[in-house]
Amino acid sequence: MILIFLFGAIILLALGIYGYVRYKRVSYNNYSKLSFPIEKTTHNFSIQHANLNDINSIRNLALEIWPKTYAETYSPQQVIYMLNKWFSEASLQRQMTIGHQYHIINAGNQSIGFASYSEVAPSVYKLHKIYILPAYQGLGAGKFTMDKIIAELTAKKAAALTLNVNQYNPAKAFYEQLGFTVAKTEFSEVGNGYFINDFVMELKLSQQAPIPQSQSILRSL
């Protein structure tokens, strides 16, 4: 009788372990799908070159996206400071004037984000910004935009594209899937006693190209 009881207990224990392992495997697979946002495009995305007439649209998008994107990375005071520093009307106008090429990202007729880049050394370009409304993140808009920008720069015979990403920003994995690698780390002051810790990442587009030694000055633009 005791042997029958023990045998039954062993069977129940084995079934419980099997069910737990199966649950964890399904949970892990679902988590992996959520962790890496490169997915096929499910919307009618397009990008357009922006100009001075689009500054208000870019600024409004930044004011909506930035506080949500960096809520867990920077203090509210630092987010407000950086928004005012980099996305004021005067700052955006200056950026465009000195050669930052802005793009507005659309889903159908709705503007959902923006991106910008500029040449920082001969044949070396820097992606200064790429931001998508939270509701459209993970749907392919980011990859669509990066593919378009990379194609645009390849046509310009660019040698490399660099970018800065905060060391705690999960977007680093997104850039790695696009082929970017970490070239160095960068700790810089953005003003008013605020600092940021970034990875400087690089994507080789053609021949070997050095990364400019000082990119932190570009943050003031």
* How long is the span from the CD atom in Gln110 to the CG atom in Leu133, to the nearest 0.5 Å? -> 6.5 Å
* Could you give all pairs that pass the salt bridge (charged side-chain N to carboxylate O under 4.0 Å, His left out) test and reach residues 100-123, with sequence neighbours left out? -> none
* To do: Take Asp198 and Gln167 through the test side chain to side chain donor-acceptor pair (under 3.5 Å) and record every step on the way to the result.
  => CA-CA 5 Å; Asp198 285 350; Gln167 293 185 22; over 6 Å; no
* Between OG of Ser188 and CD1 of Ile196, what distance do you get to the nearest 0.5 Å? -> 4.0 Å
* To do: Would you mind reporting whether Ile105 and Ile132 have side-chain heavy atoms less than 4.5 Å apart?
  => yes
* Structure fact -> Residues at least two apart in sequence or cross-chain that pass salt bridge (charged side-chain N to carboxylate O under 4.0 Å, His left out) with Glu176, listed by chain then number, are Lys172
* Around Glu89, counting heavy atoms of other residues, nucleotides and ligands shown, do more than 12 lie under 6.0 Å from its CD? -> no
* Would you say Asn192's side chain and Tyr194's backbone share a donor-acceptor pair under 3.5 angstrom? -> no
* Assess whether side chain to side chain donor-acceptor pair (under 3.5 Å) is satisfied between Gln93 and Thr97, documenting all intermediate values. => CA-CA 6 Å; Gln93 184 174 358; Thr97 301; 5.3 Å; no
* Assess the side chains of Ser111 and Asn106: does a donor N or O sit below 3.5 Å from an acceptor N or O? => yes
* State whether the side chain of Asn84 and the backbone N or O of Ile80 hold a donor-acceptor pair below 3.5 Å, judged by distance alone. => yes
* To do: Can you measure from CD1 (Ile58) to OG (Ser116) and round to the nearest 0.5 angstrom?
  => 8.0 Å
* Could you tell me how the ring of Phe195 sits relative to the ring of Phe187: parallel (under 30°), tilted (30 to 60°) or perpendicular (over 60°)? => parallel
* Starting at CZ of Phe87, measure out to CD of Gln95 and round the result to the nearest 0.5 Å. => 7.0 Å
* If we only count heavy atoms from C-beta on, is the Leu161 to Met146 side-chain gap below 4.5 Å? -> yes
* Asked: Counting only N and O atoms by type, is there a donor-acceptor contact under 3.5 Å from the side chain of Asp147 to the main-chain atoms of Phe144?
  -> no
* To do: Would you please indicate yes or no on a ring centroid separation below 6.0 angstrom for Tyr74 and Tyr168?
  => no
* Measure the CG-CE distance between Leu127 and Met201 for me, rounded to the nearest 0.5 Å. => 11.5 Å
* Roughly how far, to the nearest 0.5 Å, is CG of Leu153 from OG of Ser123? -> 10.5 Å
* Kindly indicate whether the side chain of Lys129, heavy atoms from C-beta on, has any atom under 4.5 Å from the side chain of Tyr117. => no
* **Any residue meeting side chain to side chain donor-acceptor pair (under 3.5 Å) with Tyr70, in chain and number order, not counting sequence neighbours** => Tyr131
* To do: Dump the intermediate steps for side chain to side chain donor-acceptor pair (under 3.5 Å) on His103 and Glu152, then the final yes or no.
  => CA-CA 12 Å; His103 296 73; Glu152 198 170 288; 3.3 Å; yes
